[in-house]
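To start, the structure under review is shown below, and the notes come after it.
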Amino acid sequence: MSDETPKPDELFGKIDYRTPAKGWMDTPVNIRKGMYCYASNPKSVKNLGLPNARAWNPLEDDWKLPENWQQILHEGFKERLDKFRSIKIFMDICVRCGACADKCHFFIGTGDPKNMPVLRAELLRSIYRNDFTPTGKIFGRLAGARPMTLEVLKEWWYYLFQCSECRRCSVYCPYGIDTAEITIFGRELLNLIGLNIDWIATPVSNCYNTGNHLGIQPHAFKDMLNFFVEDIEEITGIHVEPQYNKKGADILFITPSGDVFADPGTYTCMGYMLLFHYLKEKYGLDVTWSTYASEGGNFGFFTSHETMKRLNAKMYNEARRLGVKWILGGECGHMWRVISQYMDTMNGPADFLETPVNPITGTRFENAASTKMVHIAEFTADLIRHGKLELDPGRNDNKIISFHDSCNPSRGMGMFDEPRYVIKNVANNFYDMPANTIREQTFCCGSGSGLNAGEDMELRMAGGLPRANAVKHVHETYGVNMLACVCAIDRAALPTSMEYWVPDVDVTGVHELVANALILPGEQDRTTDLRGEPLPGMEDADEG
Amino acid sequence: MNKYYMSSLLAVFALAAVAYFGSMGLPWLFGILLPYAAVVVFVLGFARKVMGWARSPVPFRITTTSGQQQSLPWIQQARIDNPSSTVGVIVRMALEVLTFRSLFRNTRMKLHDGGKFSYNLEIFLWVGALAFHYAFLTTLVRHTRFFFEPTPLCIQFLENADSFFRFEIIYDFIQFGLPGIYVSGLVLFAAAVYLFLRRLFVSNVRYISLASDYFPLFLIIGIAFTGILMRYFTKVDITAIKELTMGLITLKALTFQVPEGISALFYIHLFFVSVLLVYFPFSKLMHMGGVFLSPTRNMTGNTRQVRHTNPWNPPVKVHTYEAYEDEYREKMIEAGLPVEKMPEPKVEKPTEEEKKE
Ligand code: HEM
Ligand code: SF4
Ligand code: SF4
């Protein structure tokens with residue numbers, strides 16, 4: 001964390017919920033260091049063939065926009081109103097009741113009124129009224145309309161990249177107005193004139209070329225998993241053999257590349273590998289990884305619908321090429337939002353795959369009958385329910401666990417009970433956070449939708465506050481020291497946010513916990529968990 | 001933000017003045033022509049707006065998932081809050097429209113000393129909105145008695161249920177002075193005033209409010225207020241008014257003959273209603289139609305089970321596996337990864353290094 005990021009107390013002290021005396025239309029945007037992400041690298045923008053690749057700096061006056069940027073935005077707006085009923089309706093019917101106002105973690109953490117979801121949307125609505133409605137044209141400001149200016153554009157950019165598209169606000173809206181969709185739409189417009197951020201554009205460009213956000217080339221991908229093979233062997237005495245690009249395997253497994261790359265996601269990755277090994281030894285399950293579709297995540301989703309589709313296409317293409325029966329997806333948030341809300345529509349129908357059946361239990365995953373893609377928490381829950389895994393939950397006894405419902409699997413699909421069922425079966429100490437902060441009301445980690453860069457740390461910590469505050473509550477009440485989640489961005493973002501707000505809490509993926517508890521045939525006496533930390537009761541054992 | 005509600009308030013007063021003075025000279029305009037025009041604008045405007053929404057497709061199935069998805073058979077699904085069946089969606093929509101289900105979830109965030117946040121249930125907006133809408137509906141339905149002769153039985157029932165207070169009159173001469181008191185009118189007035197005060201005093205809500213939020217509230221307060229005045233405080237000639245309204249509904253009013261003896265107060269009331277009707281299709285009041293078409297709520301959340309199609313799904317440029325393998329083939333072979341195409345055996349031209357050897 002950079003030295004410029006305020007200390008937790010300072011950040012807390014900055015929060016001020018009093019509204020300014022001046023109206024929001026009269027308050028110009030103040031682009032502040034620590035609250036925004038760097039502009040995109042022109043190379044990445046060019047590689048993707050997106051408009052207006054150039055170097056630019058948000059802090060400078062001149063954003064090097066195309067001559068006719070207003071016209072591009074106006075026409076882009078119009079085109080999308082004709083393409084998305086949701087946007088059209090959301091532009092028209094908000095009554096500004098304010099039910100959504102205090103639901104956004106960025107508002108709670110910053111007190112900035114333009115982070116109230118309703119005002120975030122009004123930033124766009126004010127232009128919509130001006131450009132497309134008779135009342136806006138006649139009554140102007142009185143009807144909440146204003147013309148598009150450079151000031152307004154900068155405000156759009158600043159606040160559309162202070163929304164993590166988490167959908168919490170939409171749960172409370174009487175009409176289901178989804179500000180996340182409005183942000184997605186707004187960012188797509190900004191992309192038309194080349195206003196992106198580098199933390200999104202460069203991963204997208206990498207993913208397009210090499211198959212994953214980090215730009216890991218095929219041989220390196222294998223090398224990285226091989227490191228885990230060695231670690232696993234050291235800890236368990238078992239030699240696992242992941243398969244790559246294998247034609248005719250039963251199942252193609254896709255997970256975000258973050259799990260291959262950085263702790264603590266790597267332990268989750270080791271967890272998958274151990275689980276697949278176990279299932280292969282015991283039941284002959286044939287799972288393959290792919291180096292081409294080596295990214296579950298999809299930062300294209302944070303760019304435009306088109307870019308999302310381009311990146312997502314790899315999943316079905318690879319499944320078809322390899323001739324697998326169906327696809328299994330790892331623990332990732334926005335990857336699952338894309339799978340659940342877009343994939344089949346964009347890149348389906350996946351009629352070359354079979355309706356997923358767990359060959360071990362015989363369970364047909366009816367809820368995935370069309371996408372043909374099953375979440376690994378659903379898969380493992382099914383295995384446990386049928387008694388197919390031999391488990392020793394006691395190995396997780398030194399972990400007092402709570403579960404963070406990541407926004408995407410929560411409000412992008414509604415997966416709440418499966419991961420909880422898994423955790424409760426592989427560990428003995430589980431405590432949920434307070435009811436209004438979990439499940440469909442869960443708070444975002446604060447860094448979702450491509451905002452987990454280094455330079456916007458203050459924003460991320462402010463946005464992470466509501467989540468961290470609830471964790472702190474269970475930490476103080478039940479001694480929770482481990483926060484489980486099913487999202488790779490969480491595993492990258494929450495450790496920082498925990499270190500900042502609740503330093504004694506660590507972050508884990510669910511399948512790390514599974515693998516800790518999983519009793520492998522022929523394993524050595526384990527003395528440590530996957531992190532190399534002593535198992536409960538083994539604190540004094542010799543480090544063989 | 002004062003200017004926002006002051007301008008709306010002034011606008012409503014100005015409208016009242018227009019009706020007051022206008023109706024003196026041009027009663028047919030305010031009693032007949034404008035109401036007709038308003039109804040036409042309302043109906044056409046409403047239809048146009050809804051058809052405009054309906055014309056745009058729903059490219060993706062993005063629903064609000066306010067509960068457990070349909071999953072493994074032994075996991076209890078939230079069938080209404082995250083419906084995967086049409087029945088679930090119908091129940092969800094009914095609950096949204098009839099009971100404002102989502103608004104009932106509302107919480108209020110509070111930061112306590114000691115740095116803890118709480119998010120407790122906040123039902124006042126829900127209570128106020130529900131009271132407002134049901135009172136509005138009841139008042140509206142009750143008013144249909146002005147358009148039927150004789151008053152239908154069901155309307156009479158509603159009136160009886162709505163009026164909590166009716167003296168049995170002994171003295172003939174005060175009989176008209178103490179009609180039953182309708183709960184709905186008073187609740188409508190009170191709820192609208194509450195919604196206004198909420199906008200004024202809850203600082204977040206004041207900050208987001210526009211003139212177009214205050215205007216309809218003032219207009220409705222005005223309608224309720226003039227209605228209450230006419231019913232309980234000033235004497236209006238009900239017979240003449242009913243003659244006018246019956247004329248309107250039977251189109252006999254097209255002769256533009258206005259019955260005598262209708263007070264200015266009534267014209268103000270009627271003019272407010274006409275303005276509301278005209279304003280309706282061009283404003284946020286269209287949430288009445290929009291709530292039914294909102295894609296996040298009126299669709300089943302079963303995208304993974306049933307494919308949703310997008311009419312404009314455009315083809316995109318993708319980085320194919322073939323191109324990928326072409327780019328990395330050597331490295332893949334070296335790493336022992338399977339490839340589709342083995343490289344062409346190279347025509348044995350010695351490389352620089354080999355030459356040296
Ligand atoms: C069906 C679901 C509906 C919901 C959930 C709903 C909800 C709301 C809410 C929350 C407000 C805002 C109150 C405020 O803070 O000012 C409002 C205002 C209003 N609604 Fe509805 N409404 C619905 C249907 C309708 C219908 C069918 C009508 C038909 C007349 C209607 C007419 C109005 C009017 C006239 C206002 C008040 C004016 C204003 O506040 O600007 N609503 N509604
Ligand atoms: S809850 Fe919905 S209607 Fe109310 S202010 Fe927010 S977006 Fe608008
Ligand atoms: S989607 Fe999430 S981050 Fe965006 S406005 Fe709504 S609550 Fe805030």
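Order of the sequence lines fixes the chain letters, A, B, ..., with proteins taken first and strands second; residue numbering starts at 1 for each chain. Keep in mind the model is a prediction, meaning the values are calculated, not measured.
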Exercise for the section: List the steps, then state whether side chain to side chain contact (heavy atoms under 4.5 Å, CB included) holds for A/D92 with B/W53. Expected result: CA-CA 10 Å; A/D92 278 329; B/W53 289 333; 2.9 Å; yes
Problem - Contact winner vs chain B - A/M346, A/R439, A/E306, heavy-atom pairs under 4.5 Å - result: A/M346
Problem - Which portion of B/R307 sits near chain A, non-hydrogen atoms under 4.5 angstrom - result: both
Problem - Check: B/S56 main-chain N/O paired with A/R85 side-chain donor or acceptor under 3.5 Å - result: yes
Exercise for the section: Spell out, as yes or no, whether a donor-acceptor pair under 3.5 Å connects the side chain of B/H319 to the backbone of A/N209. Expected result: yes
Problem - Derivation of the side chain to side chain contact (heavy atoms under 4.5 Å, CB included) call for B/N204 and A/F107 - result: CA-CA 11 Å; B/N204 286 345; A/F107 173 69; 4.1 Å; yes
Handout entry: Side-chain donor or acceptor of A/N367 paired with backbone N/O of B/Q70 under 3.5 Å
Key = yes
Fill in the blank from the handout: If one checks every heavy atom of B/P315 against chain A at 4.5 Å, the contacting part turns out to be backbone
Problem - Geometric class of the A/F84/B/F60 ring pair [parallel <30°, tilted 30-60°, perpendicular >60°] - result: tilted
Exercise for the section: Could you check whether the rings of A/Y175 and B/H287 sit parallel, tilted or perpendicular, using 30° and 60° as the cut-offs? Expected result: tilted
Practice task
Would you mind telling me which of B/P295, B/S7, B/A78 has the largest number of heavy-atom pairs within less than 4.5 Å of chain A?
Solution key: B/P295
Exercise for the section: Answer yes or no: is there a donor N or O on one side and an acceptor on the other, between the side chain of B/Q305 and the main chain of A/E366, under 3.5 Å? Expected result: yes
Exercise for the section: Select one option (side chain, backbone, both, neither) describing which atoms of B/I333 are under 4.5 Å from chain A's heavy atoms. Expected result: neither
Exercise for the section: Flag the one option from A/P434, A/A368, A/A470, A/G412 with the top tally of heavy-atom pairs under 4.5 Å to chain B. Expected result: A/A368
Exercise for the section: Under 4.5 Å, counting heavy-atom pairs only, tell me which of B/M332, B/R105, B/R297 racks up the most with chain A. Expected result: B/R297
Handout entry: Between A/W336, A/F365, A/F221, the one whose heavy-atom pairs under 4.5 Å with chain B are most numerous
Key = A/W336
Exercise for the section: Using a strict 4.0 Å threshold on nitrogen-to-oxygen distance, state whether A/R321 and B/E322 make a salt bridge. Expected result: no
Fill in the blank from the handout: In this structure, CZ of A/R167 is separated from OG1 of B/T64 (nearest 0.5 Å) by 5.5 Å
Handout entry: Donor-acceptor pair, side chain of B/S66 and main chain of A/V171, under 3.5 angstrom
Key = no
Handout entry: Flag side-chain contact, heavy atom, 4.5 Å: A/K103 against B/N106
Key = yes
Fill in the blank from the handout: Scored by heavy-atom pairs under 4.5 Å with chain A, the best of B/A323, B/G290, B/S84 is B/G290
Exercise for the section: Pick whichever of A/A313, A/G98, A/A381 has the most heavy-atom pairs under 4.5 Å with chain B. Expected result: A/A381
Problem - A/T19 (side chain) donor-acceptor with B/Y207 (main chain) under 3.5 angstrom - result: no
Practice task
Return yes if some donor-acceptor pair links the side-chain N/O of A/D102 with the main-chain N/O of B/M109 below 3.5 Å, else return no.
Solution key: yes
Handout entry: Partner chain A: residue of B/F282, B/W126, B/F215, B/F117 with the largest heavy-atom pair count (under 4.5 Å)
Key = B/F117
Handout entry: Atom group of B/Q76 that falls short of 4.5 Å from chain A, counting heavy atoms
Key = backbone
Fill in the blank from the handout: Looking only at A/C94, A/G136, A/P349, A/S86, the option with the highest number of non-hydrogen pairs under 4.5 Å against chain B is A/P349
Handout entry: Beyond-backbone contact of B/I62 with A/Y342, side-chain heavy atoms, under 4.5 angstrom
Key = yes
Practice task
May I ask you to decide if the ring planes of A/H305 and B/W312 are parallel, tilted or perpendicular, using 30° and 60° as cut-offs?
Solution key: perpendicular
Problem - Which atoms of B/R101 approach chain A - backbone, side chain, both or neither, heavy atom under 4.5 Å - result: neither
Problem - Any side-chain heavy-atom pair of B/L337 and A/K222 under 4.5 Å - result: yes
Handout entry: Contact class of B/S118 relative to chain A, heavy atoms under 4.5 angstrom
Key = neither
Handout entry: chain B contact via A/K309 - which portion, at a heavy-atom distance below 4.5 Å
Key = both
Practice task
Could you check which of A/D26, A/L81, A/I93 has the highest count of heavy-atom pairs closer than 4.5 Å to chain B?
Solution key: A/I93
Exercise for the section: Please tell me if the side chains of A/Q217 and B/K331 come closer than 4.5 Å, counting only heavy atoms from C-beta onward. Expected result: yes
Practice task
Output the option from B/N120, B/T107, B/N298, B/L293 having the highest count of non-hydrogen pairs under 4.5 Å with chain A.
Solution key: B/T107
Exercise for the section: Select, from B/S8, B/G115, B/S283, the one with the greatest count of heavy-atom pairs under 4.5 Å involving chain A. Expected result: B/G115
Problem - Side-chain (B/T65) to main-chain (A/S410) donor-acceptor, under 3.5 angstrom - result: yes
Practice task
Mark yes or no for whether B/S203, through its side chain, and A/R18, through its backbone, hold a donor-acceptor pair below 3.5 Å.
Solution key: no
Exercise for the section: Would you confirm whether the ring centroid of A/F443 sits within less than 6.0 angstrom of the ring centroid of B/Y119? Expected result: yes
Handout entry: Any side-chain donor near an acceptor of the partner, A/E418 and B/Q69, under 3.5 Å
Key = yes
Exercise for the section: Give the C-alpha distance, both sets of side-chain angles, the deciding distance and a yes or no for side chain to side chain contact (heavy atoms under 4.5 Å, CB included) between B/S212 and A/R96. Expected result: CA-CA 10 Å; B/S212 50; A/R96 287 167 295 279; 3.8 Å; yes
Practice task
Could you give me the CA-CA distance, side-chain angles and deciding distance for A/C97 and B/L125, then say whether side chain to side chain contact (heavy atoms under 4.5 Å, CB included) is met?
Solution key: CA-CA 8 Å; A/C97 65; B/L125 174 59; 4.1 Å; yes
Handout entry: Interchain contact, A/S126 with chain B, by part (heavy-atom threshold 4.5 Å)
Key = neither
Problem - Under 3.5 Å donor-acceptor, A/N436 side chain and B/L121 backbone - result: no
Practice task
Consider only side-chain N and O atoms of A/T291 and B/Y324, and report whether a donor and an acceptor are under 3.5 Å apart.
Solution key: yes
